[in-house]
Amino acid sequence: MSNTAEKIAPFEIPPISLPKPTDSITHYQIQQFLHLDAYLLDHHLLDQWLNILAPDLRYFVPVRQTKERKDRDSEFSTKLGHMDDNFQSIALRVHRLVNTGTAWSEDPASRVRRFVSNVSVWETDVTGEYDVISYLLLTRNRFYQEDYTLLSAERHDRVRRKGETFELVRREVRMDQSVLGMPNLAIFL
Amino acid sequence: MSNTAEKIAPFEIPPISLPKPTDSITHYQIQQFLHLDAYLLDHHLLDQWLNILAPDLRYFVPVRQTKERKDRDSEFSTKLGHMDDNFQSIALRVHRLVNTGTAWSEDPASRVRRFVSNVSVWETDVTGEYDVISYLLLTRNRFYQEDYTLLSAERHDRVRRKGETFELVRREVRMDQSVLGMPNLAIFL
Amino acid sequence: MSNTAEKIAPFEIPPISLPKPTDSITHYQIQQFLHLDAYLLDHHLLDQWLNILAPDLRYFVPVRQTKERKDRDSEFSTKLGHMDDNFQSIALRVHRLVNTGTAWSEDPASRVRRFVSNVSVWETDVTGEYDVISYLLLTRNRFYQEDYTLLSAERHDRVRRKGETFELVRREVRMDQSVLGMPNLAIFL
Amino acid sequence: MATQNGNANEDYAMLRKANPVLSDGTPIADLFNLETREVSLSTMYDPELYRVEMDKIFTKVWLLLGHATEIPKSGDYVVRHMGEDEVIVARDRKGEIHVSLNVCPHRGMHVCTAESGNAQVHKCIYHGWAFRPDGSFVGAPLEKEKMHGDIYPKEKLGLKKARVQLFHGLIFATWNEEAGPLEEQLGDMKFYYDIMFGKTHGGMEVLGPPQRLTIPANWKTAGEQAACDGFHTLTLHRSQFDIGNFGNISDTMEEFVPIMQGVNVADRGNALRCISAATTFASVIGSGEDFNKMSDDERLAKLPPPGIVNAQLLAEMKERLSPEQLHVCAVAPPQVGNMFPNVNLLFIYAPLPDGTLGSGYVVHTINPRGPDKFQWITWFLCEKDTPEEVKDIIRAVAVQTGGTSGLIEQDDSDTWPHMTEAARGSWGRTETLKYQAIGGVNRPEGWPDKANVYAGLSKDDAQWHWWLQYHELMVNK
Amino acid sequence: MATQNGNANEDYAMLRKANPVLSDGTPIADLFNLETREVSLSTMYDPELYRVEMDKIFTKVWLLLGHATEIPKSGDYVVRHMGEDEVIVARDRKGEIHVSLNVCPHRGMHVCTAESGNAQVHKCIYHGWAFRPDGSFVGAPLEKEKMHGDIYPKEKLGLKKARVQLFHGLIFATWNEEAGPLEEQLGDMKFYYDIMFGKTHGGMEVLGPPQRLTIPANWKTAGEQAACDGFHTLTLHRSQFDIGNFGNISDTMEEFVPIMQGVNVADRGNALRCISAATTFASVIGSGEDFNKMSDDERLAKLPPPGIVNAQLLAEMKERLSPEQLHVCAVAPPQVGNMFPNVNLLFIYAPLPDGTLGSGYVVHTINPRGPDKFQWITWFLCEKDTPEEVKDIIRAVAVQTGGTSGLIEQDDSDTWPHMTEAARGSWGRTETLKYQAIGGVNRPEGWPDKANVYAGLSKDDAQWHWWLQYHELMVNK
Amino acid sequence: MATQNGNANEDYAMLRKANPVLSDGTPIADLFNLETREVSLSTMYDPELYRVEMDKIFTKVWLLLGHATEIPKSGDYVVRHMGEDEVIVARDRKGEIHVSLNVCPHRGMHVCTAESGNAQVHKCIYHGWAFRPDGSFVGAPLEKEKMHGDIYPKEKLGLKKARVQLFHGLIFATWNEEAGPLEEQLGDMKFYYDIMFGKTHGGMEVLGPPQRLTIPANWKTAGEQAACDGFHTLTLHRSQFDIGNFGNISDTMEEFVPIMQGVNVADRGNALRCISAATTFASVIGSGEDFNKMSDDERLAKLPPPGIVNAQLLAEMKERLSPEQLHVCAVAPPQVGNMFPNVNLLFIYAPLPDGTLGSGYVVHTINPRGPDKFQWITWFLCEKDTPEEVKDIIRAVAVQTGGTSGLIEQDDSDTWPHMTEAARGSWGRTETLKYQAIGGVNRPEGWPDKANVYAGLSKDDAQWHWWLQYHELMVNK
Ligand code: FES
Ligand code: FES
Ligand code: FES
Ligand SMILES: [Fe+3]
Ligand SMILES: [Fe+3]
Ligand SMILES: [Fe+3]
């Protein structure tokens with residue numbers, strides 16, 4: 001076993017900057033919370049979905065630009081988003097989609113699936129609140145399209161315990177694209 | 001912390017209609033069972049795969065149509081499927097693929113990968129039987145294609161304890177497409 | 001309940017050739033290790049990433065050919081790879097990417113996401129070492145492309161406990177393609 | 001619209017419209033060698049040829065769109081394709097079926113965005129123009145403002161309508177105002193299609209909405225095969241023999257191959273294989289009785305043709321069919337084939353618990369979606385008066401055999417893309433498709449004089465008619 | 001380069017260049033019926049027509065590329081598109097803005113591979129040729145070896161440069177050396193655009209980098225709509241009424257529809273809708289006062305036009321605009337419309353906590369990426385001198401209304417692809433787009449004589465100008 | 001097939017076939033300016049030009065398909081591409097290698113669906129026609145029924161065959177019956193290729209199956225670069241200097257750049273860079289001895305050319321090569337370059353544990369898959385008689401340097417797509433590729449008079465030959 005061999009690298013290796021995630025039970029609970037989140041959205045149960053949003057929600061999908069490696073910290077706009085919502089504006093979106101019968105951008109509804117993976121959970125300074133990173137692969141299919149439009153992203157959530165379950169306090173969705181591949185975000189991420 | 005803020009929505013928010021999933025250990029076991037399922041299929045170990053199917057299996061992939069939002073409960077046909085099988089008919093499919101040497105639709109075999117995520121498990125009225133929802137993202141690649149054909153779906157399984165492991169009693173695969181994007185389902189989902 | 005029904009198959013069903021995976025806690029730890037791995041790579045923290053590689057690492061991405069079903073055991077070359085590295089050669093790759101400012105193939109950097117799923121873990125003959133299979137779906141997006149190039153693969157890792165965390169001793173990436181769909185592997189898998 | 005640009009390049013363009021020559025200088029006529037029965041493989045991909053086909057075939061002939069039982073109620077509609085055009089197939093208040101272009105005459109939006117539903121008024125979501133199930137224009141919002149203008153009267157502002165004709169419940173339509181009735185297109189083959197679809201009082205019905213999928217191949221790969229390519233059964237569908245679905249086969253396939261025997265019939269690009277009842281009887285019933293010595297009536301009693309699952313239906317059949325048609329049923333009922341240009345028919349037996357045979361039809365359309373892609377639509381049909389529990393069995397067996405996951409047809413759908421891929425190559429496109437296994441006309445004694453009849457081993461005779469019809473439309477018209 | 005092949009086919013080709021006829025023999029002129037105001041739906045997909053558009057429109061006219069506040073500092077650059085060509089939009093040391101083709105004159109590599117940044121020298125990563133922000137050539141590596149050769153002097157080896165013109169901070173460019181100044185292209189509509197973009201001393205600024213997304217539709221689906229298609233609001237954006245965003249609507253929409261009222265103005269393919277201030281006043285302020293009886297000054301005080309959020313800005317506006325322009329602001333300020341060929345403008349009110357209205361502009365460009373695809377770019381702009389906390393509110397409200405996820409515009413972006421899909425079909429392509437809701441010229445008393453003025457309910461008059469301009473460029477030029 | 005449509009449009013089409021003019025009126029000849037050494041950037045995308053290339057180049061010249069050691073045994077086969085045509089490369093019982101179109105002469109199905117394997121009979125899965133490794137027709141199922149017809153004898157029903165020629169184990173093929181032998185295509189460059197591939201008795205062998213990947217770029221982006229574009233090394237591969245792989249580089253790159261020095265040789269589109277052995281010696285061995293004062297023999301002993309890893313191989317080399325060739329090896333062995341049209345060669349040194357140098361070749365083909373896509377195939381080769389443990393080291397080092405993940409070549413494959421993207425734009429396509437760094441012919445004393453010789457700093461002289469050859473085939477032939 002050569003695990004005592006020396007590592008030869010042409011530069012000093014910096015330490016890992018990511019803390020250790022939380023325990024497996026909390027992780028399981030929050031993962032199931034994210035599955036519930038995805039299930040409600042995928043099934044267009046948008047009115048039910050409002051239950052798991054916190055009243056002080058911030059929901060942000062920043063605009064991105066391709067930059068040289070040296071500028072990559074400024075790829076995401078801190079100000080302008082593809083979406084920039086609070087609970088009230090999201091409730092209005094849901095109202096339109098669910099209750100008007102004239103929200104054409106999603107009628108017939110897209111077939112959307114939100115594949116959630118790479119979930120990691122960290123405790124925060126606030127008791128009962130967790131920072132959660134999850135990877136989102138979203139497939140979207142409309143009408144009789146034979147292929148799917150994809151969206152790949154990293155979600156940074158703040159999740160808060162609420163009785164037996166959780167609520168979403170903050171979601172920032174960092175897309176792996178500078179030009180979005182679909183004609184709108186009439187859907188939630 | 002503003003988690004006591006009021007939620008302002010232009011309509012009454014209905015409660016969530018999904019029950020709470022089971023414990024993390026059962027979840028882990030059944031998730032591993034689904035990984036085994038995927039592994040055997042991905043590796044064309046179809047004959048071994050028959051071990052994890054129950055003799056009373058029902059396997060159904062309903063046909064879908066795009067409907068207006070108001071008609072969306074009738075999108076999936078309850079009668080006609082892209083696949084509609086029991087154990088015996090599946091065994092015949094496997095026999096053809098594995099034992100004849102002339103099952104051209106899958107020789108050379110497709111390179112298929114079944115990404116399983118969003119697994120949730122619920123106990124049922126029957127001891128030792130579980131309802132399982134999982135998301136399936138399937139990539140399929142043949143010959144020297146440079147891209148993949150995708151299939152995205154939600155699987156509704158009934159899974160039954162059998163000694164130390166499980167067997168699949170029912171699988172219904174609800175595709176996120178009305179027109180399938182691949183030229184056949186010579187593969188299992 | 002018809003779970004005592006007989007299974008009718010036109011041939012003898014062989015037993016399953018895969019052993020039972022390890023316990024849920026170890027699985028969780030190693031899954032989190034793989035998420036860390038993915039996170040560091042996705043965020044181009046390649047220098048930090050070297051921490052989780054073992055000094056005796058073997059990293060191999062074999063070349064594949066489409067074969068008839070009867071020849072399928074020889075699809076992967078045991079000799080020639082798309083990548084064939086040890087720790088030192090990987091450190092050189094990282095050095096080029098991180099420290100030169102002239103590694104054009106990844107500047108501007110690809111937006112890559114490594115979706116890890118279907119993780120299964122087995123103990124090995126060596127205490128503290130585990131065999132890990134995981135599925136990798138990789139999305140890659142560059143410049144202002146409106147779609148993603150995909151790579152789907154099965155990873156066979158050997159992982160070794162190292163204090164509170166792990167290190168990667170061996171990684172073999174079996175791609176689900178015979179002709180790679182992207183113009184290079186300037187990225188790690 | 002008026003032309004102000006009369007000049008040489010326009011003359012050239014007009015010439016090309018009338019007498020098509022591909023831009024590399026190849027006249028379409030040169031893609032065929034009628035003497036040696038060869039067709040250039042380039043036909044299986046050429047994008048220019050494809051555009052000519054859309055004009056000379058898909059906007060000219062009758063096309064199958066579905067079955068009347070898919071839209072039983074007033075206001076029911078489905079959206080289907082004629083070539084690459086979307087159409088609304090809808091039933092009006094009087095029960096009549098209409099086929100209208102699903103394109104708003106205002107600004108070109110799709111009027112229906114769902115694929116099926118029920119509505120007495122189809123309102124375009126863009127500016128609100130509204131249309132009835134028969135395609136006629138209802139009006140635009142702000143009625144008194146006349147937002148549709150007053151250049152055209154309302155009668156001129158409906159959806160573009162296709163001509164519609166039903167054939168035993170099958171819905172056909174065409175854009176061609178000058179086309180003869182559907183019967184003219186079916187030619188002498190109507191005699192056989194009447195047997196298949198018209199032998200009971202109740203007629204047929206769909207067993208559910210159609211399966212649909214996408215195949216990366218030129219539509220003609222499936223189109224020409226459907227026209228009685230019996231030969232590929234031995235090799236491409238070899239596994240059916242291996243698992244015992246098609247009876248025995250000798251290792252060399254040189255000897256007696258029952259499933260290859262029968263009577264192929266063809267006319268105007270339509271072709272059917274009528275498979276020997278004696279052979280089916282021997283392999284399925286196998287009682288040892290001599291089928292050949294029986295009378296037609298005895299044969300029909302011993303082995304009713306596909307779909308006839310009880311005495312009631314048998315009686316109906318005898319009432320509806322002519323003696324000639326009954327004779328065909330008794331000796332070799334039509335079971336698999338096509339309707340020109342893009343319909344494929346396949347009959348499937350489903351063994352029932354009581355030892356008898358249920359049966360259904362698999363009906364495909366091959367809808368072009370570009371030179372290298374088509375949508376493959378599969379309906380499953382059976383006699384409406386089949387008992388419900390038998391329908392359930394037929395449905396499952398048919399789905400396991402044909403369509404998306406069908407044990408037989410999954411091999412076909414995997415083959416066609418190769419042909420189109422092969423036709424892309426500069427050298428490959430110079431290869432030819434060959435139809436040189438010629439049996440010659442051979443009408444058995446007693447067989448009616450309907451269409452071109454080729455009895456015996458299934459060769460290329462019937463299939464070649466498909467290309468003759470294609471040639472007729474593409475070159476002579 | 002010299003031609004050695006003078007012959008018939010070349011003559012033909014030259015003819016086609018001058019007087020385009022599609023390869024099926026259709027002269028482009030025949031796609032229009034100017035009398036009945038119809039345009040062939042085939043225009044919404046035809047790949048040949050698309051190539052002609054790239055030559056006759058997108059390399060000929062002034063195109064909007066961004067806003068000067070995106071690149072405030074020396075060396076700042078963004079990469080944008082003119083048609084399908086990538087260009088570098090950069091500010092040099094003197095503060096001037098330059099637009100250069102992002103293609104290396106050495107071997108055709110993209111010079112900038114990032115989309116934005118800051119650099120005084122752009123060095124091509126392939127062989128190292130270097131260029132200044134103004135596109136001029138610095139040199140190649142190994143200077144003394146003269147690796148750029150000595151056939152051309154260095155002055156000839158810079159990036160291809162476009163002409164640049166700023167309009168109130170909006171950056172326009174064209175490849176066309178013979179084009180008149182931008183003002184010529186804006187025509188009489190400049191009068192209104194000056195109101196929109198030039199009414200404060202500070203001018204406007206972007207609220208962040210633009211949103212960008214891809215729409216699978218022909219660029220003209222969005223292009224022609226932008227030119228004052230007011231009618232679709234009632235139906236496509238119906239949900240805005242249903243959730244109360246657009247005020248009330250009667251169930252039949254037959255009655256009074258405030259949002260449809262106003263003055264449409266158009267010239268040379270540019271069009272704007274000036275929406276009645278009285279109506280806005282009634283629905284937003286609703287004090288019961290009679291707006292119509294007020295003087296222009298009173299009106300401007302009660303309901304300042306979009307963007308004027310405080311007294312300081314109001315004062316600036318009065319200083320900068322002519323009385324005629326102020327009158328327009330007082331009775332019906334311009335709020336939504338286009339700039340030919342591919343710019344869409346939309347004004348958005350954002351209610352502020354103090355009960356007043358903030359406001360911003362949504363500015364789109366529609367960048368073609370093939371006959372069935374375009375990139376949709378969305379900038380959010382407001383007056384630079386708006387207080388920062390108000391900008392934050394405007395930004396969020398504007399993003400919730402327009403662009404990617406905007407409650408209004410998400411319905412538009414889902415509609416356009418249908419039109420292009422419909423235009424693919426052989427039958428569908430023969431349908432026409434109709435602009436037959438004709439109101440006729442109607443200039444209200446006191447309204448300035450600028451551009452063609454169509455007061456009243458928004459009909460097709462202004463929109464038809466878009467196609468007239470398109471026709472002018474595609475057929476007459 | 002007979003033509004019945006003799007008329008004007010056909011004449012026009014014939015003209016176009018002979019003397020190609022693109023449909024916008026541009027004669028292909030006008031894409032070149034031979035005097036100023038410029039080529040239109042439009043060549044890097046134009047779909048029409050691409051189709052002409054398939055006919056005038058890829059079905060006319062000798063193409064590299066693989067290496068004899070890939071299919072060592074009787075019946076071994078691999079499937080490869082010639083242009084967009086799939087071919088079977090198979091070894092027959094006599095050990096001879098054959099290249100046959102992988103398209104069934106019956107109905108156009110691919111005969112082999114796997115990419116490699118071993119078979120004495122290739123049986124088409126569609127209808128069972130069977131072929132030998134030499135492409136000849138065995139027969140169809142149901143032999144006595146003559147299902148292949150009797151219009152053609154069996155001899156005429158084999159797979160279309162290409163002519164095959166081996167060059168030191170490299171397998172070349174062409175469809176062109178009139179082409180001279182491969183040697184004619186290699187021209188004077190054969191002298192150098194013989195050095196590279198023919199210097200040991202055992203010859204070379206592949207180190208495994210080839211890597212394959214897809215690049216979204218026109219094939220010529222990689223094709224022209226391969227022909228001795230040495231200049232890009234300094235900038236595109238700059239990181240190799242930065243990490244110390246290419247020796248030192250001054251910050252300005254103005255001074256001595258060892259890797260740029262050597263002798264470029266070119267003929268008929270084939271080009272090679274022969275890199276100064278003195279330079280290699282100084283940077284790799286660095287003993288301080290004066291390499292220039294040594295005799296050829298001494299030099300070869302101190303620094304054996306690529307691949308010569310021991311005394312045995314050195315002896316073989318001396319036996320096989322001429323004194324002129326040995327001289328080249330001693331002063332500047334050929335190390336990187338191309339073979340027209342689509343082969344790229346790259347030599348790679350692999351440091352061995354004992355301080356000596358192993359070495360291998362990276363051989364690419366650039367297989368077009370449309371105007372904006374190619375497959376990039378990479379073989380790794382070394383002298384067969386290299387010790388196995390050395391081969392293992394060479395393999396790993398070569399994979400880390402060239403091909404898919406190669407530290408050098410990953411920068412190239414990321415660059416090419418930009419050029420094709422740039423060539424799409426209406427303005428970008430009017431830019432030119434320039435080859436104006438002219439050194440002029442310069443043959444060092446003692447260097448053999450083989451091909452065009454350009455000693456000194458690597459400029460554009462050799463590379464321009466690539467375009468001259470392309471021009472010759474596309475315009476003059
Ligand atoms: S497009 Fe249908 S109403 Fe305008
Ligand atoms: S292509 Fe830009 S320097 Fe050569
Ligand atoms: S296509 Fe090969 S045997 Fe028919
Ligand atoms: Fe078949
Ligand atoms: Fe709109
Ligand atoms: Fe290079």
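Chain naming here is simple, since letters A, B, ... match the order of the sequence lines and numbering starts at 1 in each.
- Between chain D and the options B:Gln65, B:Met182, B:Gln177, B:Arg96, heavy-atom pairs under 4.5 Å are most frequent for B:Arg96.
- Between B:Arg72 and B:Glu68, the closest side-chain pair of non-hydrogen atoms is not below 4.5 Å.
- When heavy atoms are compared at a cutoff of 4.5 Å, B:Asp85 approaches chain D by way of both its backbone and its side chain.
- Comparing B:His95, B:Lys67, B:Arg93 by how many heavy-atom pairs each has under 4.5 Å with chain D, the most go to B:Arg93.
- A salt bridge between D:Lys391 and D:Glu205 is present, with a side-chain N of the basic residue lying under 4.0 Å from a carboxylate O of the acidic one.
- Distance alone, capped at 3.5 Å, is enough to place a donor-acceptor pair between the B:Trp122 side chain and the B:Pro19 backbone.
- Residue B:Arg64 touches chain D through its backbone alone, counting heavy-atom pairs closer than 4.5 Å.
- Using a 4.5 Å cut-off between heavy atoms, D:Pro216 touches chain B through its side chain atoms alone.
- Options D:Val206, D:Leu236, D:Asn118 differ in how many heavy-atom pairs under 4.5 Å they form with chain B, and the most are formed by D:Leu236.
- Per-residue counts of heavy-atom pairs under 4.5 Å with chain D were compared for B:Ala103, B:Ser77, B:Gly181, B:Ser178; the largest is that of B:Ser178.
- With a threshold of 4.5 angstrom between heavy atoms, B:Met83 approaches chain D through its backbone and through its side chain.
- Listed by chain and number, the residues in a side-chain contact (heavy atoms from CB on, under 4.5 Å) with B:Asn184 are B:Ser105, B:Arg140, B:Ala186, D:Gln410, D:Ser413, D:Asp414 (sequence neighbours excluded).
- Ring centers of D:Tyr361 and D:Trp379: at least 6.0 Å apart, outside the cut-off.
- Ring-plane geometry between D:Phe347 and D:Tyr349 is classed as perpendicular, the angle between the planes exceeding 60 degrees on a 0 to 90 degree scale with a lower cut at 30.
- Per-residue counts of heavy-atom pairs under 4.5 Å with chain B were compared for D:Glu409, D:Gln375, D:Glu115; the largest is that of D:Glu115.
- The backbone N or O of D:His232 lies less than 3.5 Å from no partner atom in the side chain of D:Thr235, so there is not a single donor-acceptor pair.
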